[in-house]
Amino acid sequence: MKENIVIVGGGIAGLEAAAQLLDLGYKPIIIEKSDHLGGHVADWNCLFPDMSPAKDVVSSLIARSAEANIFLNTEISFVNKLKDSYNIMLSNGISIITRILLMTTGFSLFDASKKEEYGYGIYDQVMTNKDLEHWFNTGDDKRINNSAMNAVGFVHCVGSRDEKARNPQCSKVCCITAIKQAIELKQKFPDAMVYCFYMDLRMFGKKYEDFYINAQRDYGIRFIRGRVSEVGENIDGRVIVKAEDTLSGKPVKVTLDLLVLMAGMVCNPDSTKVANMASLPIDSDGFLKSRDNVADIIESPKDGVFYAGACTGPKTVPETLAEARAAALKIYLYIKGLE
Amino acid sequence: MDFGFRISPSSAINLDKVNLEKFEELHRIEPDVYKCMACGSCSSTCPANRYSGMSIRKVILALQRGKEKEAVAMMRNCMLCGKCTMVCPRGINTRHLILSICRIYEEDVK
Amino acid sequence: MIYQGKQKIWADYQKEIPDNHWFYVRSCIRQNFFPGAERMFMEISRNLLGKDIFETENHTTCGGIAYHCDTIPQETVMTIVARQFALMTEAGYENYVASCITSFGNYIEILETWKEFPELETRIRELLWKACKREFNKPKYVAHASDLIYKYRNEIAARAKYRLVDRHTGEPLRAVEHIGCHYAKMFPSRGIGGAEYPYVLCGMIESWGGNVIDYPERRHCCGYGFRQYHVKANRGYSISNTYKKFESMEPYHPDFILTNCPGCPYFMDRWQYVIAETEGKTYGENGYGIPVLTYEELASLVLGYNPWDIGLQLHQVAVEPLLDKLGIEYDPKEKYKGLNEKELMRPELPGVLRCC
Amino acid sequence: MRERFLTGYNDFVLPFVCGMIFVLIYCLVGLVRIILQLPAEDRKRFFISLVTPKTLVKNIKDIFLKCLIHVDIWKRNKLLGYMHSSIAFGWFMLIVVGHIEVMLYTSRLGLKALYYPIFFRYFVAETESTMKGSLIFFLMDFFLLVVLSGIALAIIKRVRSRLFGMRRTTNPSFLDLIGQYSLWSIFPLRLLAESFTADISGGSFLTKSLNYVFTEFLSNHANMLPAWWAYSCALGIFFFVLPFTRYMHIPTEILLIPFRNAGIKIVNARKGFAKAQVYSCPSCGLCIDACPMGVLKGNIKDTTVYLNRQIRRNNETRIEEISDKCLLCGKCTAICPVGVEGDKLRIAQRAVRKYNFGPDYSNIDVSEEIQRCNKFVTNQNNIVSSSDNEKVLYFGGCMTALTPAIMKATGSVLEKAGIEFEIMDKDGGICCGRPMFMAGRFAQAMQLVEKNTEIIMSSGADTLLLSCPICYKIFLEKYHLPGIEIIHHTEYFERLILSGRLKVRKEAVRYVYHDPCELGRGCGVYEQPRTVLSAAGELVEAAKNRKESICCGGSLGSLTLGFEKRKAMTENALNNLVADSPERIVTACPLCMSTFNRYADRPVEDIAMVLDRTAY
């Protein structure tokens, strides 16, 4: 049980895997670059489809993995490949020799300001899904004026399925997130008109379709099929959104008090950096390349290196947790094989 | 002065200016009207489609976009046969919806 | 509007513009529309700033209008452009500056195409040789004339006699800038400030003391769009686009519009007259229109050139209210006098749009 | 027999006399109004029927059997039948015998004729010795007993309706309750009053015996008058409230029967015949159990009995709700003891709805369809080919278009029988008009009828074959296709089998046949499909079948029932079908088939598909 297991990333995948490994009798090491655990989920308010509070999920994960060795504010400085193990040098000066490396480096949120035409960071009333979750959590955002929320728009696929944003893949969770956030906003501002501008709606998960029907029927959220082409700012500071209503084949224009951009998932540059240090391959979508995208998604082509969660591509929370559990089991069996 | 050309009205739909009063009235009677996800099953099965271009999915959309005249024109040849209701994957009672539209909207709108 | 956000984008889209030694090609139509503009470009850069700007009477159209109207094939337009490059090479220049936005876009597009399809470039070289026995080097730098004025904006500001400030109120003038579509919309990285928030004209206005207005339809085309205007039946479409822009900028009460394209100032100027006649609507103060200037004209004005020497009398919309705001002195009697002091014909005054 | 009072009058008769006069005037005015509301043509037909001996006899027979004996209810449930006929017939006989008695024993009646037959016992004195009409005394007591037994059953029914074969019964309105309690009290009070008087006026086994009991402890004749007052008051109250309660059905039904026998149909939604139907409703509540929507409790108030009540109250919102929700399966009409046509009444309500715009089919050009369906026309002179074969034009209809298996099977069976046929709506046709008709938009429906008629008449066919009962009903009722036989495929298949043109292999499969509403109750086709199925396998019956078959829940008749709400109805109908454990469910309607298929636990087929499998 002396085996060192290094988990790179203290998001939900890292924490879940650590918790499972602790249960299996190991004492994994979690390396987290930021000052808190829980990754992106820790910044979120509620999770679809049951609106369970994200902080409950994260705090239970943190509690279950508390016994692990956790290094916060720590990055990996370099990785040396030894004969059958890795020497990992951390930014805090500690070096670890390990035969097992679990990459749970996750994703980065697409930088919405790269879609210049949407004016994120330029127009006053444009925010991202993450900003909105922040507002749900803290109630603090000057873009949301409680007394003047008559019309709100959500733009789906910001930086997803977009060659121009150099991110051609679907980020998977934004459709349902947009619907979730639209419902939450509508609950807070029942008189506001809420629009969702979408290209496709991918309601693939459990209860997602019910969620969608709720949004339509019970909350009257208007779905407009068409990608927003450009956003302008009005003289009174509201944003004017232009799109094509592709179902009627006509351009459509609407003035909104708030525009929420559903920034997608892109590969985490830090994940790529560590991958390069450990000579791990990168897939064509920029995420880490698994041994096999069907059968061995949690295994890298290199022995002893495992993946879990969104470092291999966009994932939902339950998928990430499932992968983390699978990876823990795989690591356990791998160590047994070594002995 | 006549230049032989004029400013042509914009074909764009300005959602700020669409008057949805009647649609809201329709929605009160037919809450399911919001459930349409524009799959087009109704239009493809509609016997009136080839005569007046009837498509209840387009009608629902056009009414929300303030294109009442277009919607009413499409409905001209609806036979109320109920095929659209039969095929609707979202279970919208399209027949009653059609009758409600005939009651709320008017034919000679601008 | 978050100004810092725009600054961040402007910082991302900067391009290298050599300071000197340019081969200048004129626009097909600007000399008819606003004949003072190109002359003032030469005047300011050559005489005032002492730059080396070379031009030759041998150059032709770039073929852009015909290309965009789908009347000539791509090979033809490329060969025409190749000949222009050959003239530059023969004159011993490496930096190519175009007066026309569509030309600029056309050059960039062709150079990019050649980069992607080198076999096409080889074929064009053959065609050019067959046609006129010329050879060319590709220019090292391609710029639009507004890029150069942007580059020289601070030098101009230093020599300026007037600032873009309302003499009566002391407030900066409100300026609408309009960028020609072919400037950066096709290749955002080739325009200063990119495609969404171009900085080339903003930079001039800012350094000369004015305030730039950002309004919802800023990105919209002026309405010229070659095919729309050239076919009379489509002119309603052309003017509808211009109308849309004016309606959108109206609440901001701009003092003037600054443009960098041959077509835009012309159509935004002349269509104001047509809109006034057909819709009875004018957009400036007291029944006037909003003056539309080219960047060369504006540079000349702040530098203190005589408004009538730079051709402002050829504008449909009267520029006098703007001149008054700027505090530029002018002699109304001189407005329609030719170079030789001979009285030109006075235009008939329009019915609705107020002119001086 | 002698009269006890010279005046022949006592104040206690006043409540009854006033009530009687009120109700008579009310009914008379109502009668005149309803007759005037009839369209002139119907009115004429009505009057002629009244003097035509055949209808006259039928009217009398119907009134006697339906209004007094309630034969329809007897057929349904003996106890319920006895309850109704004991009250109605017993009371009727009391009145008849009472009048005979008065006429036999009194002369110079004058105004006394108004109340003497009712309160005769009070006004006469009769001693044992002079009693000559002991038969009459006996009859009066006997019928009083009959009525009292009926009243007793009625009271029991209020508490335990299941004993009478009714699961649910109508929720009475306030006035209904007053009417009911006064009706219930009339006869016990009469018994009481007559018993008090029996030692003076005479009586028979009931009244006389009670009189002996009473005199044991109440010997004072002063007790007599309050009882007579109470009896008169009960009658008076009953008559006063009668026009505003369900008991209005008693006089109205007598009018409804001759109307119906005269062949009058509903034209106006609220007036004339419709009004007669509405007022004829006795609120018995049989339609509540019959209604297929009743599986959902929330729909109970949308049954015909409540429609009638709301129409009487002019509650427009509820009238619209009730009439739009109905599946128009026609079962309430089929079982209604007085013949209220719940489905037609509802269609009539739908027809008065105001629409801002409506469909118009004048732009539809049918020349292409005519071109496609003229297989039987040989040349440009429109001469019909002279082959001896039947020339069958098959119209699948909209619903069959969604169940192509039926269309294919029907075609295949026709081919096996060697029938020459053409499909009229292969590439989509024009709707038959029945759905539009059911929505109450008759003019539009008739436009569709015209368009289809044009196509059919120029096809040269001699038989129009239909596989959809919805189409079949309107084709039978509204299409005029001279020289063309309109036939449903079940009937046609039976004919092919019976004539030997189609041989069927009998298989050991248990089939249950579901009677589609429009085919069974709508067009009266019950036997033919059963004959066909019996030839193909073993036929078992559903718990409720034929006239009482339960709608599948998919009906186009309902305008407002949502998809989700229909599920319970379909499941209920399926439970009814599988009572005798059939292996396969067979129906003869594409809509029933697809509706059942959604929730059925065993295969559901159209009869054409069964036949296609077994015929050769």
Check whether any side-chain heavy atom of [X] lies under 4.5 Å from a side-chain heavy atom of [Y], and answer yes or no.
X	Y	answer
B/T45	B/M86	no
A/F189	A/V194	no
B/I92	B/C36	yes
A/V155	A/L259	yes
A/P49	A/I176	no

Under 3.5 Å, what donor-acceptor pairs does chain B form with chain A?
| from | atom 1 | to | atom 2 | distance (Å) |
| --- | --- | --- | --- | --- |
| B/I13 | N | A/P251 | O | 2.6 |
| B/I13 | O | A/K253 | N | 2.7 |
| B/L15 | N | A/K253 | O | 2.8 |
| B/D16 | OD1 | A/T255 | N | 2.8 |
| B/D16 | OD2 | A/T255 | N | 3.1 |
| B/D16 | OD2 | A/T255 | OG1 | 2.2 |
| B/E24 | OE2 | A/R222 | NH2 | 3.3 |
| B/Y34 | O | A/Q216 | NE2 | 3.3 |
| B/Y34 | OH | A/R222 | NH2 | 2.5 |
| B/C36 | O | A/Q216 | NE2 | 3.0 |
| B/R57 | NH1 | A/L247 | O | 3.3 |
| B/Q64 | OE1 | A/R222 | NH1 | 3.4 |
| B/R65 | NE | A/D245 | OD2 | 2.7 |
| B/R90 | NE | A/E209 | OE2 | 3.4 |
| B/R90 | NH1 | A/Q216 | OE1 | 2.4 |
| B/R90 | NH2 | A/E209 | OE2 | 2.6 |

Would you compute the distance between atom CE of A/M262 and atom CG of A/L109 and round it to the nearest 0.5 angstrom?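 Going from the CE atom of A/M262 to the CG atom of A/L109 covers 9.0 Å.
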Per-residue contact mode, B/L20 against chain A (heavy atom under 4.5 angstrom):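 The side chain, not the backbone.
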My understanding is that only residues two or more places apart in sequence, or in another chain, count here; which of them pass side-chain contact (heavy atoms from CB on, under 4.5 Å) with B/C81?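 B/P47, B/K83, D/C398, D/C431.
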A/L256 versus chain B, heavy atoms under 4.5 Å apart: side chain, backbone, both or neither?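 Nothing of A/L256, per the 4.5 Å heavy-atom cut-off to chain B.
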